[in-house]
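Ligands are counted one by one from 1 in listed order, and the atoms in each one are counted from 1 as well.
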Amino acid sequence: MANLVVFYSRKGTTRNIAEMIINKENWDFEEIIDTKKRSGFIGFLKSGKDATLKKLAKIKEIQKDPELYDLIIMGTPIWNKRMTPAIRTYITEKKSKIKQVAFFCTEGGSGGLRSFESMAQLCEKTPISTLEITKKDIKNGDHTDKVTKFIQEIKMEKK
Ligand SMILES: Cc1cc2nc3c(=O)[nH]c(=O)nc-3n(C[C@H](O)[C@H](O)[C@H](O)COP(=O)(O)O)c2cc1C
């Protein structure tokens with residue numbers, strides 16, 4: 001069975017990392033669309049607040065059935081040291097259909113590890129691999145090797 005890359009991105013950074021993974025391996029993907037207006041400064045403030053309060057989001061209808069995949073690779077930006085409401089909603093709605101997970105995130109510099117722990121708790125599954133990409137990683141070009149290592153680990157650990 002195949003792998004599915006599921007991600008949310010507000011500004012495109014997480015989408016870029018997701019695309020690197022998807023293009024390298026030709027894995028299927030699902031981009032989660034949060035219908036709330038999150039652009040601009042007000043959008044930024046609302047987003048941080050929603051993440052802190054662990055709010056769920058109104059997301060567009062999911063197209064791909066996670067039950068048809070043996071691994072879901074989930075990607076989120078970090079907001080106020082937490083997963084985004086869009087990813088929280090996806091996990092909450094779909095967790096009974098998810099068999100194995102791997103996580104990746106993009107962030108300014110901190111909060112990824114803590115968020116991976118909450119994501120694992122919410123999924124009720126330990127990730128087979130995780131990838132945390134900081135702004136500095138992208139600036140230095142370190143993200144490419146990190147993505148390659150993440151994919152290798154997924155292939156090794158996947159049952
Ligand atoms: C509301 C909000 C809160 C954020 N909180 C954090 C944070 O706690 N830690 C961090 O390192 N970066 C934080 N960031 C930065 C984003 O995680 C980072 O820019 C990420 O790469 C954005 O991904 P995207 O371009 O896919 O939306 C925050 C960004 C936003 C919009």
Side-chain angles (χ1 to χ4, degrees), residues 3-64 66 69 71-95 98 101-123 127-151 153-154:
N3 299 337
L4 178 67
V5 179
V6 175
F7 66 95
Y8 167 77
S9 180
R10 173 175 173 263
K11 284 272 192 156
T13 317
T14 314
R15 185 184 302 112
N16 286 344
I17 299 298
E19 281 172 355
M20 284 173 73
I21 299 168
I22 293 156
N23 294 339
K24 269 184 195 239
E25 298 299 321
N26 212 15
W27 289 337
D28 284 1
F29 70 92
E30 170 102 48
E31 177 168 5
I32 303 176
I33 308 293
D34 184 337
T35 60
K36 188 163 179 170
K37 188 175 178 291
R38 298 197 180 274
S39 56
F41 185 61
I42 303 289
F44 172 87
L45 291 180
K46 278 187 191 160
S47 298
K49 192 173 161 206
D50 287 352
T52 301
L53 296 177
K54 300 183 177 175
K55 283 208 175 165
L56 296 179
K58 279 203 179 76
I59 60 172
K60 283 202 177 158
E61 197 185 337
I62 297 300
Q63 304 295 318
K64 299 216 161 59
Y69 298 86
L71 173 69
I72 308 294
I73 302 157
M74 282 183 228
T76 181
I78 299 304
W79 287 357
N80 290 10
K81 306 208 183 317
R82 289 165 180 84
M83 74 184 95
T84 48
I87 285 290
R88 184 181 293 284
T89 305
Y90 183 84
I91 296 175
T92 305
E93 286 181 3
K94 303 293 180 189
K95 68 176 167 187
I98 295 174
V101 289
F103 302 143
F104 66 99
C105 72
T106 73
E107 62 185 30
S110 65
L113 297 185
R114 169 185 160 165
S115 303
F116 290 157
E117 277 176 25
S118 337
M119 287 163 75
Q121 250 179 22
L122 193 58
C123 285
I128 63 167
S129 179
T130 60
L131 167 68
E132 187 182 20
I133 300 278
T134 63
K135 206 173 170 180
K136 197 169 154 209
D137 288 328
I138 294 172
K139 193 167 168 249
N140 297 343
D142 293 338
H143 61 302
T144 314
D145 283 355
K146 282 186 151 190
V147 166
T148 306
K149 195 169 155 251
F150 180 58
I151 292 172
E153 215 166 79
I154 286 175

Decide whether an N or O pair under 3.5 Å exists between [X] and ligand 1.
X	answer
Arg15	no
Lys11	yes
Ser9	yes

Looking only at non-hydrogen atoms, which of Asn80, Thr13, Thr106 approaches atom 20 (C) of ligand 1 most closely?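 Closest candidate by heavy-atom distance is Thr106.
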Going by the closest heavy atom to atom 22 (C) of ligand 1, which one wins out of Pro77, Gly48, Ala51?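 Closest candidate by heavy-atom distance is Pro77.
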Distance only, no hydrogens: is a donor on one side chain within 3.5 Å (strictly under) of an acceptor on the other, for [X] and [Y]?
X	Y	answer
Thr35	Lys60	no
Asp34	Tyr8	no
Asp145	Thr148	no

Checking a contact table here: which protein heavy atom is nearest [atom], and how many Å away?
atom	answer
atom 14 (N) of ligand 1	Ile78 O, 3.2 Å
atom 9 (N) of ligand 1	Ser110 O, 2.8 Å
atom 29 (C) of ligand 1	Trp79 CD1, 3.7 Å
atom 19 (O) of ligand 1	Gly108 N, 4.6 Å

Ligand-side contact atoms (ligand 1) for residue partner [X], heavy atom cut-off under 4.0 Å:
X	answer
Gly109	10 (C), 11 (O)
Phe44	1 (C), 2 (C), 30 (C), 31 (C)
Lys81	7 (C), 8 (O)
Thr14	23 (O), 24 (P), 26 (O)
Gly12	24 (P), 25 (O), 26 (O)

Heavy-atom closest contact (Asp50 atom, Pro85 atom, distance):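 Asp50 and Pro85 have their closest heavy atoms at CB-CG, 3.8 Å.
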Which atom names give the shortest non-hydrogen contact between Glu61 and Gln63, and what distance separates them?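 Minimum heavy-atom separation between Glu61 and Gln63: O-NE2, 3.1 Å.
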Got a second to check how far Phe103's CZ is from Thr76's OG1, nearest 0.5 Å?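 Nearest 0.5 Å value for the CZ-OG1 distance: 10.5 Å.
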To the nearest 0.5 Å, what is the distance between CD1 on Ile32 and CD1 on Ile62?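 If I round to the nearest 0.5 Å, the distance is 5.0 Å.
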Counting N and O atoms only, with roles assigned by atom type, does the side chain of Asp137 sit under 3.5 Å from a partner on the main chain of Asp142, one being a donor and the other an acceptor?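 Here the side-chain-to-backbone pair does not exist.
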Given 3.5 Å as the limit, does a donor-acceptor pair link the side chain of Lys46 with the main chain of Arg38, or not?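 A pair under 3.5 Å: no.
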Take Ile151 and Lys24, measure what side chain to side chain contact (heavy atoms under 4.5 Å, CB included) needs, and give me the verdict at the end. CA-CA 9 Å; Ile151 292 172; Lys24 269 184 195 239; 3.7 Å; yes
Looking at atom 17 (O) of ligand 1, is any protein heavy atom nearer than 4.0 Å to it?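 At least one protein heavy atom is under 4.0 Å away.
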